[in-house]
Amino acid sequence: MDFWINQSFNAISYAGLLFLLGGGMTLIFGVMKIVNIAHGGFYLIGGYTGYFIASTTGNFYLGIVGACVGCALVGMIFERWLLRELSGQMLRQMLMTMGITLLIQDIIVIISGGYSYTLEPPEWCMDVLEIGGYYFYVLRILMIAAAVAVYILLWFVMEKTKVGAMIRATVDNKDVAQTVGINVQLVSMGIFCLGAFLAAFAGVIGSAFTEISPGMDFEVLPLAFVVVILGGMGSLKGAAVGALIVGFIDNFARAIFPELAYFSLFFPMVVILSIKPTGLFGREWL
Amino acid sequence: MILKADDIHTYYGDSYILQGISFDIEPGTVLGFLGRNGVGKTTLMRSLIGMVPPRRGKVTFLEQDLTGKMTYEVVRQGMAMVPQGREIFPSLNVVENLTVGHRPVEGGWDLERVYEFFPRLAERKDHMGNRLSGGEQQMLAIGRSLMTNPKLILMDEPTEGLSPLYVQTVGEVIQKLKESGMTIILVEQNLRFALKNADYVHIINKGVIVHSSNPSELDADPDTKQRYLGV
(Lines give C-alpha, C1' and ligand atoms only; values in the text may rest on other atoms or scores of the structure.)
Protein backbone atom coordinates (compact mmCIF):
# COMPACT_ATOMS: atom_id res chain seq x y z
CA MET A 1 0.00 0.00 0.00
CA ASP A 2 2.79 2.40 0.91
CA PHE A 3 4.41 1.68 -2.40
CA TRP A 4 1.24 2.53 -4.34
CA ILE A 5 0.51 5.74 -2.47
CA ASN A 6 4.07 7.00 -2.66
CA GLN A 7 4.44 6.12 -6.31
CA SER A 8 1.07 7.64 -7.18
CA PHE A 9 2.06 10.86 -5.48
CA ASN A 10 5.34 10.87 -7.37
CA ALA A 11 3.47 10.17 -10.60
CA ILE A 12 1.06 13.06 -10.11
CA SER A 13 3.83 15.51 -9.27
CA TYR A 14 5.81 14.36 -12.28
CA ALA A 15 2.65 14.84 -14.35
CA GLY A 16 2.61 18.45 -13.13
CA LEU A 17 6.04 19.01 -14.64
CA LEU A 18 5.01 17.27 -17.85
CA PHE A 19 1.89 19.38 -18.14
CA LEU A 20 3.88 22.62 -17.91
CA LEU A 21 6.00 21.36 -20.76
CA GLY A 22 3.25 19.81 -22.89
CA GLY A 23 0.65 22.53 -22.26
CA GLY A 24 2.70 25.19 -24.02
CA MET A 25 3.65 22.83 -26.80
CA THR A 26 0.05 21.92 -27.53
CA LEU A 27 -1.06 25.58 -27.57
CA ILE A 28 1.73 26.44 -30.00
CA PHE A 29 0.65 23.63 -32.26
CA GLY A 30 -3.01 24.65 -32.07
CA VAL A 31 -2.46 28.27 -33.00
CA MET A 32 0.62 28.14 -35.23
CA LYS A 33 0.52 24.52 -36.48
CA ILE A 34 4.20 24.30 -35.57
CA VAL A 35 5.61 21.08 -34.15
CA ASN A 36 8.02 22.87 -31.86
CA ILE A 37 11.17 20.79 -31.52
CA ALA A 38 12.74 23.77 -29.72
CA HIS A 39 10.50 23.16 -26.73
CA GLY A 40 13.19 21.06 -25.09
CA GLY A 41 15.59 23.91 -25.78
CA PHE A 42 13.33 26.29 -23.88
CA TYR A 43 13.33 23.84 -20.97
CA LEU A 44 17.13 23.96 -21.04
CA ILE A 45 17.23 27.76 -21.19
CA GLY A 46 14.84 27.89 -18.24
CA GLY A 47 16.86 25.45 -16.15
CA TYR A 48 20.24 27.08 -16.72
CA THR A 49 19.05 30.69 -16.55
CA GLY A 50 17.14 29.90 -13.37
CA TYR A 51 20.19 28.26 -11.85
CA PHE A 52 22.56 31.09 -12.73
CA ILE A 53 20.26 33.87 -11.59
CA ALA A 54 19.35 32.08 -8.35
CA SER A 55 22.94 31.14 -7.51
CA THR A 56 24.37 34.62 -8.23
CA THR A 57 21.64 36.60 -6.50
CA GLY A 58 20.85 34.02 -3.85
CA ASN A 59 17.18 34.49 -4.63
CA PHE A 60 15.30 31.41 -5.84
CA TYR A 61 12.15 33.34 -6.78
CA LEU A 62 14.11 35.83 -8.85
CA GLY A 63 15.59 32.82 -10.62
CA ILE A 64 12.14 31.55 -11.56
CA VAL A 65 10.87 34.92 -12.77
CA GLY A 66 14.08 35.75 -14.62
CA ALA A 67 14.21 32.39 -16.37
CA CYS A 68 10.57 32.49 -17.47
CA VAL A 69 10.57 36.09 -18.67
CA GLY A 70 13.99 35.74 -20.29
CA CYS A 71 12.95 32.62 -22.14
CA ALA A 72 9.69 34.23 -23.28
CA LEU A 73 11.77 37.07 -24.78
CA VAL A 74 14.03 34.56 -26.53
CA GLY A 75 10.88 32.89 -27.87
CA MET A 76 9.64 36.24 -29.13
CA ILE A 77 12.85 36.84 -31.05
CA PHE A 78 12.74 33.38 -32.61
CA GLU A 79 9.09 33.76 -33.60
CA ARG A 80 9.55 37.20 -35.10
CA TRP A 81 12.75 36.67 -37.04
CA LEU A 82 13.01 32.96 -37.70
CA LEU A 83 9.53 31.46 -37.81
CA ARG A 84 7.13 34.13 -39.04
CA GLU A 85 8.41 34.14 -42.59
CA LEU A 86 7.80 30.40 -42.75
CA SER A 87 4.18 30.68 -41.65
CA GLY A 88 2.09 27.89 -43.16
CA GLN A 89 5.10 25.79 -44.17
CA MET A 90 5.01 23.06 -41.58
CA LEU A 91 8.08 21.07 -42.56
CA ARG A 92 10.32 24.10 -42.91
CA GLN A 93 9.16 25.44 -39.57
CA MET A 94 9.85 22.11 -37.93
CA LEU A 95 13.37 22.03 -39.36
CA MET A 96 13.88 25.58 -38.22
CA THR A 97 12.88 24.70 -34.65
CA MET A 98 15.26 21.74 -34.86
CA GLY A 99 18.04 24.16 -35.82
CA ILE A 100 17.06 26.50 -33.00
CA THR A 101 17.34 23.60 -30.53
CA LEU A 102 20.88 22.77 -31.63
CA LEU A 103 21.81 26.44 -31.46
CA ILE A 104 20.43 26.75 -27.92
CA GLN A 105 22.22 23.58 -26.87
CA ASP A 106 25.61 24.75 -28.14
CA ILE A 107 25.31 28.22 -26.71
CA ILE A 108 24.43 26.74 -23.33
CA VAL A 109 27.39 24.36 -23.46
CA ILE A 110 29.70 27.29 -24.27
CA ILE A 111 28.35 29.44 -21.44
CA SER A 112 27.98 26.75 -18.78
CA GLY A 113 31.02 24.71 -19.75
CA GLY A 114 28.72 21.73 -20.12
CA TYR A 115 28.35 21.10 -16.39
CA SER A 116 25.23 19.79 -14.72
CA TYR A 117 23.68 21.79 -11.93
CA THR A 118 21.08 21.28 -9.29
CA LEU A 119 19.20 24.33 -8.20
CA GLU A 120 18.87 24.73 -4.43
CA PRO A 121 15.27 25.55 -3.61
CA PRO A 122 14.52 27.51 -0.41
CA GLU A 123 14.66 25.46 2.81
CA TRP A 124 10.92 25.22 3.26
CA CYS A 125 10.55 23.50 -0.10
CA MET A 126 12.85 20.72 1.11
CA ASP A 127 10.60 19.88 4.05
CA VAL A 128 8.30 16.94 4.18
CA LEU A 129 4.67 17.17 5.08
CA GLU A 130 3.01 14.42 7.04
CA ILE A 131 -0.52 13.59 5.97
CA GLY A 132 -2.22 10.53 7.46
CA GLY A 133 1.03 8.79 8.24
CA TYR A 134 2.49 9.41 4.81
CA TYR A 135 5.30 11.82 4.09
CA PHE A 136 5.14 14.14 1.13
CA TYR A 137 8.00 16.20 -0.17
CA VAL A 138 6.91 19.88 -0.27
CA LEU A 139 8.64 20.59 -3.57
CA ARG A 140 6.56 17.87 -5.20
CA ILE A 141 3.38 19.30 -3.71
CA LEU A 142 4.39 22.66 -5.16
CA MET A 143 4.87 21.12 -8.59
CA ILE A 144 1.33 19.81 -8.48
CA ALA A 145 -0.03 23.13 -7.22
CA ALA A 146 1.82 25.07 -9.91
CA ALA A 147 0.49 22.85 -12.68
CA VAL A 148 -3.07 23.00 -11.37
CA ALA A 149 -2.87 26.79 -11.05
CA VAL A 150 -1.50 27.14 -14.58
CA TYR A 151 -4.19 24.84 -15.94
CA ILE A 152 -7.01 26.76 -14.25
CA LEU A 153 -5.57 30.10 -15.35
CA LEU A 154 -5.13 28.99 -18.96
CA TRP A 155 -8.58 27.39 -19.03
CA PHE A 156 -10.13 30.58 -17.70
CA VAL A 157 -8.36 32.82 -20.18
CA MET A 158 -9.10 30.53 -23.11
CA GLU A 159 -12.76 29.88 -22.35
CA LYS A 160 -13.97 32.98 -20.53
CA THR A 161 -12.19 36.02 -21.95
CA LYS A 162 -12.23 37.86 -25.24
CA VAL A 163 -8.52 37.22 -25.72
CA GLY A 164 -9.27 33.51 -25.34
CA ALA A 165 -12.04 33.72 -27.93
CA MET A 166 -9.62 35.47 -30.29
CA ILE A 167 -7.10 32.67 -29.78
CA ARG A 168 -9.72 29.98 -30.40
CA ALA A 169 -10.94 31.81 -33.50
CA THR A 170 -7.35 31.87 -34.77
CA VAL A 171 -7.04 28.13 -34.10
CA ASP A 172 -10.29 27.50 -35.98
CA ASN A 173 -9.49 29.56 -39.05
CA LYS A 174 -6.60 31.96 -39.33
CA ASP A 175 -7.83 33.64 -42.52
CA VAL A 176 -11.33 34.32 -41.28
CA ALA A 177 -9.96 35.45 -37.90
CA GLN A 178 -8.16 38.24 -39.76
CA THR A 179 -11.37 39.32 -41.45
CA VAL A 180 -12.92 40.10 -38.08
CA GLY A 181 -9.95 42.30 -37.23
CA ILE A 182 -7.79 39.88 -35.25
CA ASN A 183 -4.05 40.45 -35.60
CA VAL A 184 -3.14 36.78 -35.94
CA GLN A 185 0.59 37.47 -36.05
CA LEU A 186 0.36 39.07 -32.64
CA VAL A 187 -1.71 36.15 -31.35
CA SER A 188 0.89 33.71 -32.69
CA MET A 189 3.73 35.61 -31.10
CA GLY A 190 1.91 35.76 -27.78
CA ILE A 191 1.25 32.03 -27.79
CA PHE A 192 4.83 31.21 -28.72
CA CYS A 193 6.08 33.40 -25.86
CA LEU A 194 3.63 31.77 -23.48
CA GLY A 195 4.83 28.32 -24.54
CA ALA A 196 8.46 29.36 -24.00
CA PHE A 197 7.53 30.85 -20.63
CA LEU A 198 5.89 27.64 -19.44
CA ALA A 199 8.69 25.43 -20.76
CA ALA A 200 11.21 27.59 -18.88
CA PHE A 201 9.10 27.31 -15.74
CA ALA A 202 9.21 23.54 -16.11
CA GLY A 203 12.96 23.79 -16.63
CA VAL A 204 13.53 25.71 -13.40
CA ILE A 205 11.37 23.34 -11.39
CA GLY A 206 13.01 20.36 -13.06
CA SER A 207 16.47 21.66 -12.22
CA ALA A 208 15.49 21.96 -8.57
CA PHE A 209 13.85 18.56 -8.65
CA THR A 210 16.62 16.60 -10.31
CA GLU A 211 19.24 18.54 -12.20
CA ILE A 212 19.79 20.43 -15.40
CA SER A 213 22.40 19.24 -17.85
CA PRO A 214 23.11 19.63 -21.57
CA GLY A 215 21.12 16.96 -23.32
CA MET A 216 18.13 17.30 -21.02
CA ASP A 217 16.35 18.96 -23.92
CA PHE A 218 16.27 15.74 -25.89
CA GLU A 219 15.37 13.78 -22.77
CA VAL A 220 12.25 15.79 -22.03
CA LEU A 221 11.22 16.32 -25.67
CA PRO A 222 9.97 12.75 -26.31
CA LEU A 223 8.00 12.92 -23.06
CA ALA A 224 6.39 16.19 -24.14
CA PHE A 225 5.59 14.65 -27.52
CA VAL A 226 3.91 11.65 -25.96
CA VAL A 227 1.90 13.91 -23.64
CA VAL A 228 0.73 16.12 -26.50
CA ILE A 229 0.05 13.35 -29.01
CA LEU A 230 -1.76 11.13 -26.50
CA GLY A 231 -4.00 13.99 -25.37
CA GLY A 232 -4.60 15.32 -28.87
CA MET A 233 -2.57 18.09 -30.46
CA GLY A 234 -3.93 21.54 -29.68
CA SER A 235 -6.02 20.50 -26.69
CA LEU A 236 -5.18 21.87 -23.25
CA LYS A 237 -7.38 19.30 -21.53
CA GLY A 238 -5.66 16.66 -23.63
CA ALA A 239 -2.25 17.83 -22.42
CA ALA A 240 -3.42 17.61 -18.80
CA VAL A 241 -4.81 14.09 -19.21
CA GLY A 242 -1.82 13.05 -21.32
CA ALA A 243 0.55 14.34 -18.63
CA LEU A 244 -1.23 12.27 -15.97
CA ILE A 245 -1.13 9.13 -18.11
CA VAL A 246 2.55 9.56 -18.92
CA GLY A 247 3.32 10.50 -15.30
CA PHE A 248 1.75 7.31 -13.99
CA ILE A 249 3.11 4.99 -16.64
CA ASP A 250 6.61 6.38 -16.43
CA ASN A 251 6.74 6.24 -12.64
CA PHE A 252 5.32 2.76 -12.20
CA ALA A 253 7.18 1.29 -15.15
CA ARG A 254 10.48 2.61 -13.86
CA ALA A 255 9.71 1.20 -10.43
CA ILE A 256 8.38 -2.19 -11.54
CA PHE A 257 10.27 -3.10 -14.72
CA PRO A 258 12.89 -0.40 -15.31
CA GLU A 259 14.43 -2.18 -18.30
CA LEU A 260 11.24 -1.56 -20.30
CA ALA A 261 10.88 2.15 -19.46
CA TYR A 262 10.87 3.48 -23.01
CA PHE A 263 8.69 0.70 -24.33
CA SER A 264 6.10 1.21 -21.62
CA LEU A 265 6.09 4.94 -22.40
CA PHE A 266 5.52 4.66 -26.13
CA PHE A 267 3.35 1.55 -26.22
CA PRO A 268 0.18 3.23 -24.87
CA MET A 269 0.69 6.03 -27.38
CA VAL A 270 0.78 3.52 -30.22
CA VAL A 271 -2.36 1.83 -28.91
CA ILE A 272 -4.32 5.05 -28.54
CA LEU A 273 -3.21 6.40 -31.89
CA SER A 274 -4.24 3.22 -33.67
CA ILE A 275 -7.71 3.46 -32.12
CA LYS A 276 -8.07 7.22 -32.23
CA PRO A 277 -5.55 8.86 -34.57
CA THR A 278 -6.32 12.38 -33.33
CA GLY A 279 -5.43 11.50 -29.72
CA LEU A 280 -7.87 11.54 -26.81
CA PHE A 281 -9.18 15.10 -27.16
CA GLY A 282 -7.76 16.12 -30.51
CA ARG A 283 -9.49 17.08 -33.71
CA GLU A 284 -8.87 16.76 -37.42
CA TRP A 285 -6.47 19.45 -38.52
CA LEU A 286 -6.12 18.99 -42.23
CA MET B 1 -16.59 57.14 -53.83
CA ILE B 2 -15.88 54.76 -50.96
CA LEU B 3 -13.68 52.22 -52.70
CA LYS B 4 -11.73 52.24 -55.91
CA ALA B 5 -9.80 49.37 -57.46
CA ASP B 6 -7.29 50.56 -60.01
CA ASP B 7 -6.00 47.93 -62.45
CA ILE B 8 -5.36 45.18 -59.93
CA HIS B 9 -3.45 42.03 -60.89
CA THR B 10 -3.43 39.11 -58.46
CA TYR B 11 -1.59 35.79 -58.52
CA TYR B 12 -1.90 32.58 -56.54
CA GLY B 13 1.63 31.29 -56.75
CA ASP B 14 2.21 31.15 -60.51
CA SER B 15 -1.47 31.27 -61.48
CA TYR B 16 -2.43 34.62 -62.89
CA ILE B 17 -5.96 35.07 -61.53
CA LEU B 18 -6.98 38.73 -61.68
CA GLN B 19 -5.68 40.26 -64.90
CA GLY B 20 -6.32 43.95 -64.45
CA ILE B 21 -9.58 44.83 -62.72
CA SER B 22 -10.77 48.39 -62.17
CA PHE B 23 -14.04 49.57 -60.66
CA ASP B 24 -15.36 51.87 -58.01
CA ILE B 25 -18.37 51.98 -55.74
CA GLU B 26 -20.42 54.82 -54.30
CA PRO B 27 -21.42 54.81 -50.63
CA GLY B 28 -24.84 53.36 -49.82
CA THR B 29 -25.06 51.21 -52.94
CA VAL B 30 -24.95 47.49 -53.67
CA LEU B 31 -22.51 46.43 -56.34
CA GLY B 32 -22.89 42.92 -57.78
CA PHE B 33 -20.17 40.71 -59.24
CA LEU B 34 -21.32 37.81 -61.37
CA GLY B 35 -19.48 35.11 -63.24
CA ARG B 36 -19.00 31.38 -63.50
CA ASN B 37 -17.04 29.32 -60.97
CA GLY B 38 -13.30 29.93 -60.97
CA VAL B 39 -13.27 33.25 -62.84
CA GLY B 40 -11.73 35.09 -59.90
CA LYS B 41 -14.68 36.52 -57.94
CA THR B 42 -13.55 35.18 -54.57
CA THR B 43 -9.95 36.12 -55.34
CA LEU B 44 -11.15 39.65 -56.02
CA MET B 45 -12.77 39.79 -52.56
CA ARG B 46 -9.62 38.40 -50.96
CA SER B 47 -7.52 40.95 -52.84
CA LEU B 48 -9.64 43.88 -51.72
CA ILE B 49 -9.40 42.94 -48.06
CA GLY B 50 -5.67 42.21 -48.24
CA MET B 51 -5.67 38.42 -47.80
CA VAL B 52 -4.15 37.92 -51.25
CA PRO B 53 -2.63 41.31 -51.99
CA PRO B 54 -2.53 42.33 -55.64
CA ARG B 55 0.93 42.16 -57.18
CA ARG B 56 0.21 45.24 -59.29
CA GLY B 57 -2.40 47.96 -59.11
CA LYS B 58 -3.89 49.60 -56.12
CA VAL B 59 -6.99 49.62 -53.96
CA THR B 60 -8.11 52.88 -52.39
CA PHE B 61 -10.61 52.67 -49.52
CA LEU B 62 -11.98 55.74 -47.78
CA GLU B 63 -9.27 57.78 -49.48
CA GLN B 64 -6.49 55.57 -48.13
CA ASP B 65 -4.17 53.45 -50.20
CA LEU B 66 -4.44 49.85 -48.97
CA THR B 67 -1.18 48.69 -50.54
CA GLY B 68 0.90 46.81 -47.97
CA LYS B 69 -1.85 46.80 -45.34
CA MET B 70 -2.54 43.64 -43.38
CA THR B 71 -6.07 42.25 -43.48
CA TYR B 72 -6.79 43.10 -39.85
CA GLU B 73 -5.73 46.70 -40.50
CA VAL B 74 -8.06 46.96 -43.48
CA VAL B 75 -10.85 45.53 -41.33
CA ARG B 76 -10.18 48.03 -38.55
CA GLN B 77 -10.38 50.74 -41.17
CA GLY B 78 -13.96 49.72 -41.95
CA MET B 79 -14.08 46.86 -44.45
CA ALA B 80 -15.75 43.58 -43.44
CA MET B 81 -16.24 40.25 -45.12
CA VAL B 82 -18.93 37.60 -45.08
CA PRO B 83 -16.85 34.74 -46.43
CA GLN B 84 -17.98 32.11 -48.89
CA GLY B 85 -19.22 29.05 -47.04
CA ARG B 86 -19.88 31.27 -43.99
CA GLU B 87 -16.88 29.93 -42.05
CA ILE B 88 -18.37 30.29 -38.59
CA PHE B 89 -15.80 29.59 -35.85
CA PRO B 90 -16.85 26.11 -34.64
CA SER B 91 -15.15 26.36 -31.23
CA LEU B 92 -16.93 29.60 -30.39
CA ASN B 93 -20.57 29.87 -29.39
CA VAL B 94 -22.90 32.33 -31.08
CA VAL B 95 -22.17 35.17 -28.64
CA GLU B 96 -18.42 34.67 -28.94
CA ASN B 97 -18.61 34.50 -32.73
CA LEU B 98 -20.27 37.90 -32.63
CA THR B 99 -18.17 39.60 -29.95
CA VAL B 100 -14.76 38.27 -30.96
CA GLY B 101 -14.40 40.99 -33.58
CA HIS B 102 -16.53 43.67 -31.94
CA ARG B 103 -15.20 47.18 -32.39
CA PRO B 104 -17.51 49.43 -30.39
CA VAL B 105 -18.56 52.63 -32.11
CA GLU B 106 -20.87 55.26 -30.69
CA GLY B 107 -24.36 54.51 -32.04
CA GLY B 108 -22.98 51.58 -34.02
CA TRP B 109 -23.60 47.86 -34.06
CA ASP B 110 -23.52 45.89 -30.82
CA LEU B 111 -24.95 42.61 -29.57
CA GLU B 112 -28.40 44.06 -28.86
CA ARG B 113 -28.75 45.60 -32.28
CA VAL B 114 -27.60 42.42 -34.00
CA TYR B 115 -30.14 40.41 -31.96
CA GLU B 116 -32.84 42.87 -32.97
CA PHE B 117 -31.86 42.39 -36.58
CA PHE B 118 -31.60 38.59 -36.28
CA PRO B 119 -33.92 37.49 -33.44
CA ARG B 120 -33.07 33.86 -34.23
CA LEU B 121 -29.49 34.44 -33.09
CA ALA B 122 -30.66 35.67 -29.70
CA GLU B 123 -32.60 32.43 -29.23
CA ARG B 124 -29.54 30.37 -30.06
CA LYS B 125 -26.90 32.50 -28.40
CA ASP B 126 -25.42 29.70 -26.28
CA HIS B 127 -25.14 27.21 -29.13
CA MET B 128 -21.75 26.43 -30.57
CA GLY B 129 -21.11 27.85 -34.03
CA ASN B 130 -21.17 24.48 -35.75
CA ARG B 131 -24.51 23.48 -34.20
CA LEU B 132 -26.53 25.94 -36.28
CA SER B 133 -28.43 25.38 -39.52
CA GLY B 134 -27.02 26.80 -42.75
CA GLY B 135 -29.40 29.73 -42.70
CA GLU B 136 -28.64 30.53 -39.08
CA GLN B 137 -24.94 30.34 -39.82
CA GLN B 138 -25.41 32.85 -42.64
CA MET B 139 -27.22 35.23 -40.28
CA LEU B 140 -24.37 34.76 -37.82
CA ALA B 141 -21.74 35.42 -40.49
CA ILE B 142 -23.49 38.65 -41.45
CA GLY B 143 -23.93 39.62 -37.78
CA ARG B 144 -20.27 38.88 -37.12
CA SER B 145 -19.23 41.21 -39.93
CA LEU B 146 -21.56 43.94 -38.70
CA MET B 147 -20.01 43.78 -35.22
CA THR B 148 -16.77 45.21 -36.65
CA ASN B 149 -18.87 48.31 -37.51
CA PRO B 150 -17.89 48.41 -41.17
CA LYS B 151 -18.52 51.02 -43.84
CA LEU B 152 -18.32 48.40 -46.58
CA ILE B 153 -19.21 44.69 -46.48
CA LEU B 154 -17.96 42.14 -48.97
CA MET B 155 -20.47 39.30 -49.24
CA ASP B 156 -19.18 36.24 -51.02
CA GLU B 157 -22.09 34.10 -52.23
CA PRO B 158 -24.32 34.66 -49.20
CA THR B 159 -27.17 32.59 -50.67
CA GLU B 160 -25.08 29.52 -51.48
CA GLY B 161 -26.77 26.37 -50.23
CA LEU B 162 -29.64 28.16 -48.50
CA SER B 163 -33.33 27.29 -48.62
CA PRO B 164 -35.53 29.70 -50.64
CA LEU B 165 -36.89 31.13 -47.41
CA TYR B 166 -33.44 32.04 -46.15
CA VAL B 167 -32.44 33.38 -49.58
CA GLN B 168 -35.34 35.77 -49.24
CA THR B 169 -34.23 36.70 -45.72
CA VAL B 170 -30.70 37.48 -46.93
CA GLY B 171 -32.23 39.69 -49.63
CA GLU B 172 -34.25 41.58 -47.04
CA VAL B 173 -31.17 41.98 -44.86
CA ILE B 174 -29.22 43.44 -47.76
CA GLN B 175 -32.00 45.90 -48.52
CA LYS B 176 -32.32 46.95 -44.88
CA LEU B 177 -28.57 47.46 -44.57
CA LYS B 178 -28.56 49.50 -47.76
CA GLU B 179 -31.36 51.69 -46.43
CA SER B 180 -29.27 52.32 -43.33
CA GLY B 181 -26.51 53.61 -45.59
CA MET B 182 -24.28 50.52 -45.78
CA THR B 183 -22.22 49.87 -48.88
CA ILE B 184 -22.15 46.26 -50.06
CA ILE B 185 -20.20 44.32 -52.64
CA LEU B 186 -22.16 41.20 -53.49
CA VAL B 187 -20.59 38.23 -55.24
CA GLU B 188 -23.22 35.85 -56.54
CA GLN B 189 -23.86 32.80 -58.69
CA ASN B 190 -27.58 33.28 -58.23
CA LEU B 191 -28.42 35.64 -61.12
CA ARG B 192 -32.03 36.33 -60.03
CA PHE B 193 -30.86 37.27 -56.56
CA ALA B 194 -28.10 39.56 -57.83
CA LEU B 195 -30.35 41.29 -60.36
CA LYS B 196 -32.93 41.90 -57.68
CA ASN B 197 -30.58 43.22 -55.01
CA ALA B 198 -27.74 45.01 -56.79
CA ASP B 199 -27.79 48.59 -58.06
CA TYR B 200 -25.11 47.89 -60.63
CA VAL B 201 -23.45 44.68 -61.83
CA HIS B 202 -20.12 43.60 -63.28
CA ILE B 203 -19.49 40.25 -64.90
CA ILE B 204 -16.03 38.74 -64.50
CA ASN B 205 -14.60 36.23 -66.93
CA LYS B 206 -11.04 34.85 -66.83
CA GLY B 207 -9.88 37.54 -64.45
CA VAL B 208 -11.21 40.61 -66.26
CA ILE B 209 -14.47 42.55 -66.20
CA VAL B 210 -16.30 41.78 -69.42
CA HIS B 211 -19.62 43.46 -68.82
CA SER B 212 -20.89 46.33 -66.67
CA SER B 213 -24.43 47.61 -66.58
CA ASN B 214 -27.58 48.15 -64.59
CA PRO B 215 -29.31 44.92 -63.55
CA SER B 216 -32.23 45.62 -65.89
CA GLU B 217 -29.94 46.08 -68.91
CA LEU B 218 -28.20 42.81 -68.18
CA ASP B 219 -31.53 41.06 -67.74
CA ALA B 220 -32.57 42.29 -71.17
CA ASP B 221 -29.37 41.01 -72.80
CA PRO B 222 -29.72 37.24 -73.40
CA ASP B 223 -26.45 37.02 -75.39
CA THR B 224 -24.30 38.26 -72.53
CA LYS B 225 -26.12 36.11 -70.00
CA GLN B 226 -25.70 33.06 -72.20
CA ARG B 227 -22.04 33.70 -72.99
CA TYR B 228 -20.72 34.49 -69.50
CA LEU B 229 -23.23 33.02 -67.11
CA GLY B 230 -24.57 30.09 -69.08
CA VAL B 231 -28.22 30.97 -68.50
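Just so we're clear, the structure is a prediction, and the values are computed from it rather than from any experiment.
- Taking all atoms of both residues into account, the shortest heavy-atom contact from A/A169 to B/L92 is N-CD1, 3.8 Å.
- The candidate from B/P90, B/S145, B/P150, B/P83 with the greatest count of non-hydrogen atom pairs under 4.5 Å with chain A is B/P90.
- Shown here is B/K178, whose NZ atom has more than 12 heavy atoms of other residues, nucleotides or ligands within 6.0 Å.
- Around NZ of B/K4, the count of heavy atoms belonging to other residues, nucleotides or ligands within 6.0 Å exceeds 12.
- In terms of heavy-atom proximity, A/D172 sits nearest to B/S91 at OD1-OG, 2.5 Å.
- Only the side chain of A/Q185 comes within contact range of chain B, with heavy atoms under 4.5 Å apart.
- Options B/E73, B/M81, B/E87 differ in how many heavy-atom pairs under 4.5 Å they form with chain A, and the most are formed by B/E87.
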Worksheet item: A/T179 and B/T71: side chain to side chain contact (heavy atoms under 4.5 Å, CB included), yes or no, with the steps?
Response: CA-CA 6 Å; A/T179 70; B/T71 300; 4.3 Å; yes
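- Between chain A and the residues B/V100, B/L154, B/V74, the largest count of heavy-atom pairs under 4.5 Å involves B/V100.
- Rounding to the nearest 0.5 Å places CE of B/M51 at 12.5 Å from NZ of A/K174.
- No more than 12 heavy atoms of other residues, nucleotides or ligands lie within 6.0 Å of CZ in B/R131, so this atom counts as exposed by the packing criterion.
- Heavy atoms of other residues, nucleotides or ligands lying less than 6.0 angstrom from CD of B/E172 number more than 12.
- For NZ of B/K58, the number of neighbouring non-hydrogen atoms (other residues, nucleotides, ligands) closer than 6.0 Å is 12 at most.
- Side-chain contact check for A/N183 versus B/R76: some heavy-atom pair is nearer than 4.5 Å.
- Within 6.0 Å of atom CZ in A/F266, more than 12 heavy atoms from other residues, nucleotides or ligands are found, so the atom counts as buried in its surroundings.
- Only the side chain of B/T148 comes within less than 4.5 Å of a heavy atom of chain A; its backbone N, CA, C and O stay farther away.
- Residues A/D175 and B/R46 have side chains in contact (heavy-atom distance under 4.5 Å, counting atoms from C-beta outward).
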Practice prompt. Test side chain to side chain contact (heavy atoms under 4.5 Å, CB included) on A/K162 and B/T99 and set out the steps.
Written response: CA-CA 8 Å; A/K162 184 166 174 178; B/T99 52; 5.6 Å; no
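- Open room surrounds CZ on A/R92; 12 or fewer heavy atoms of other groups in view lie less than 6.0 Å from it.
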